[in-house]
2 protein chains.
Amino acid sequence: MTTETPEPMRDRTRRLAQMELTNVAQELFLERGYEDTTVDQIAAAAGMSRRTFFRYFPSKDDLVIGKYDLFGDRLADAFDARPHDEPVWQSLRRTFDITLEYVQDERQRARSDAMDRIVESSAQLNARYLQKMQRIQEILVGRVADRLALHGLSTAGAQPAAIIGAAFACLQAARSTWLQSEQQRPFSDYLDEAMSVFRVID
Amino acid sequence: MTTETPEPMRDRTRRLAQMELTNVAQELFLERGYEDTTVDQIAAAAGMSRRTFFRYFPSKDDLVIGKYDLFGDRLADAFDARPHDEPVWQSLRRTFDITLEYVQDERQRARSDAMDRIVESSAQLNARYLQKMQRIQEILVGRVADRLALHGLSTAGAQPAAIIGAAFACLQAARSTWLQSEQQRPFSDYLDEAMSVFRVID
DNA sequence: GCCACACTTGACACCAAGTGCCACTTAAGG
DNA sequence: CCTTAAGTGGCACTTGGTGTCAAGTGTGGC
């Protein structure tokens with residue numbers, strides 16, 4: 001009985017505190033830049049002690065980059081939802097459609113873009129971002145290998161990792177190009193353009 | 001007259017000191033691991049002060065990862081040496097041949113592999129490694145765009161970045177797979193296997 | 001109302017990576 | 001021998017991050 005309500009309660013307050021912190025931090029980052037904003041300043045602006053900050057985020061980086069932790073699982077789910085007889089490359093393209101939803105909501109898009117710019121502004125953050133992406137790719141490699149096996153192709157070698165690596169390279173290239181050009185054409189165009197360069201044996 | 005010899009002289013001693021540091025550090029890393037080895041320990045083992053260490057390497061990470069700084073330029077040179085009418089994907093495959101030389105020398109290969117294992121053992125180093133690779137890719141994007149333009153293809157969009165990103169994904173996948181399997185087959189086989197998955201419009 | 005309990009918080013101390021500053025040595029050239 | 005420039009080390013300082021402990025805060029049971 002006692003284990004029913006307490007869990008959601010604490011989680012909610014925790015999430016609220018994290019939200020508050022990210023909001024406060026984002027303003028500071030836009031003002032002084034990421035590296036020139038100390039954890040003390042963020043904590044003070046959010047009305048908590050430095051020590052407490054690190055109870056809500058394992059590191060300063062995670063405040064910005066932590067949101068990508070869910071991304072991998074969401075991609076995996078989306079990939080699993082694709083029909084098994086679909087060519088892998090096309091499944092990956094469709095899997096990436098969930099990144100479009102992310103961009104849909106106008107209000108949240110501005111916030112997300114601001115964060116992305118912060119990530120690009122700091123070498124430190126950029127490195128951690130790439131690392132997160134790498135991890136996400138590892139989640140998907142196994143699934144691609146299974147799919148290839150279904151199609152009667154070798155599953156043990158470097159091919160599965162190469163395929164998802166290439167797919168993510170396309171995603172990355174499209175994203176980067178889209179951010180630099182002033183976003184008149186939809187992001188999906190850039191993604192299609194990038195991924196259509198490759199014909200994958202399947 | 002005085003400006004002829006001093007430059008190479010200092011550079012040589014500097015390079016020697018860096019070599020010594022990397023050797024000493026490598027042993028310590030293999031003993032205690034990267035993160036549990038402090039700069040103080042490395043400096044002490046090399047017979048210098050902590051402060052001096054940072055005059056030879058801008059950071060502890062660079063001691064391990066700094067060697068990749070040259071890698072980008074070497075790849076660029078190798079790519080430039082390919083015939084301009086060669087299909088881009090094949091040029092990239094041939095460009096990667098210079099990574100094979102790296103592996104050729106038996107004595108140096110062991111050392112290089114040890115360092116690679118160290119890189120893989122630390123999340124911090126791994127992130128910085130990915131970042132370096134990203135930078136190297138940026139060096140090559142322009143050249144791929146030029147090559148595509150020569151073949152009468154669009155050069156402005158995300159395609160050049162997507163192509164080299166995919167190529168590096170193959171390189172990475174092949175390297176990873178090769179490191180895990182016990183290296184009975186040559187590395188070039190893995191690379192061929194990975195890159196042959198893609199047919200690139202050209 | 002009160003006690004027991006788990007959870008949260010803040011304060012303090014501590015470590016490691018860097019950085020700036022300054023004084024000292026050392027070696028090369030006149 | 002002296003001057004000058006480079007290398008070096010010591011020191012203090014900042015910042016991210018962690019461990020520990022003691023004080024608050026709430027919630028349920030009596």
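Here is the naming used below: chain letters follow the sequence lines, and residue numbers restart at 1 for every chain.
- Taking the side-chain contact (heavy atoms from CB on, under 4.5 Å) definition, one finds that A81(B) meets it with nothing, sequence neighbours left out.
- Legend: salt bridge (Lys or Arg N to Asp or Glu O under 4.0 Å) pairs involving residues 135-144 of chain A, not counting sequence neighbours, sorted by first then second residue: D80(A)-R143(A).
- Rounded to whole Å, the distance from CG on D40(A) to C1' on dC12(C) is 14 Å.
- Every residue was checked against the ring pair (Phe, Tyr, Trp, His ring centres under 6.0 Å) condition with Y56(A), not counting sequence neighbours, and none meets it.
- A149(B) meets the side-chain contact (heavy atoms from CB on, under 4.5 Å) test with T155(B); sequence neighbours excluded.
- If you take NZ of K60(B) and P of dT19(C), they are 15 Å apart, rounded to a whole angstrom.
- Listed by first and then second residue, the side chain to side chain donor-acceptor pair (under 3.5 Å) pairs involving residues 186-198 of chain A are R93(A)-D192(A), S181(A)-Y190(A) (not counting sequence neighbours).
- Residues that satisfy the ring pair (Phe, Tyr, Trp, His ring centres under 6.0 Å) test with F96(B), not counting sequence neighbours, are F168(B).
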Below 3.5 Å is the cut-off: list the nitrogen or oxygen pairs between protein and nucleotides 6-10 of chain C, distance only.
from    : atom 1 : to     : atom 2 : distance (Å)
dT9(C)  : OP1    : Y56(A) : OH     : 3.0
dT9(C)  : OP2    : Y56(A) : OH     : 3.0
dG10(C) : OP2    : S49(A) : N      : 3.1
dG10(C) : OP2    : S49(A) : OG     : 3.4
dG10(C) : OP2    : T52(A) : OG1    : 2.3
dG10(C) : N7     : R55(A) : NH1    : 3.3
dG10(C) : O6     : R55(A) : NH2    : 2.7

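- In this structure, the side-chain contact (heavy atoms from CB on, under 4.5 Å) partners of D40(B), at least two apart in sequence or on a different chain, are T38(B), R50(B).
- Listed by chain and number, the residues in a side-chain contact (heavy atoms from CB on, under 4.5 Å) with E86(B) are R82(B), P83(B), Q90(B), S91(B), R94(B), R147(B) (sequence neighbours excluded).
- Only T37(A), T38(A), listed by number, bring a heavy atom of residues 21-38 of chain A to less than 4.0 angstrom from any atom of DNA chain D.
- Rounded to the nearest 0.5 angstrom, D11(B) CG and L16(B) CG are separated by 11.0 Å.
- Comment: R111(A) does not engage D116(A) in a salt bridge, judged by the lack of any side-chain N to carboxylate O separation of less than 4.0 angstrom.
- Remark: C1' of dG17(D) and CD1 of I42(A) are 14 Å apart, rounded to the nearest angstrom.
- The ring pair (Phe, Tyr, Trp, His ring centres under 6.0 Å) search around F54(A) returns none, not counting sequence neighbours.
- Protein atom CG of L63(B) is 11 Å distant from nucleotide atom P of dG18(C), rounded to whole Å.
- D62(A) has its CG atom 13 Å from the C1' atom of dG16(D), to the nearest Å.
- Contacts between residues 122-129 of chain A and DNA chain C, defined by a heavy-atom separation below 4.0 Å, involve no residue at all.
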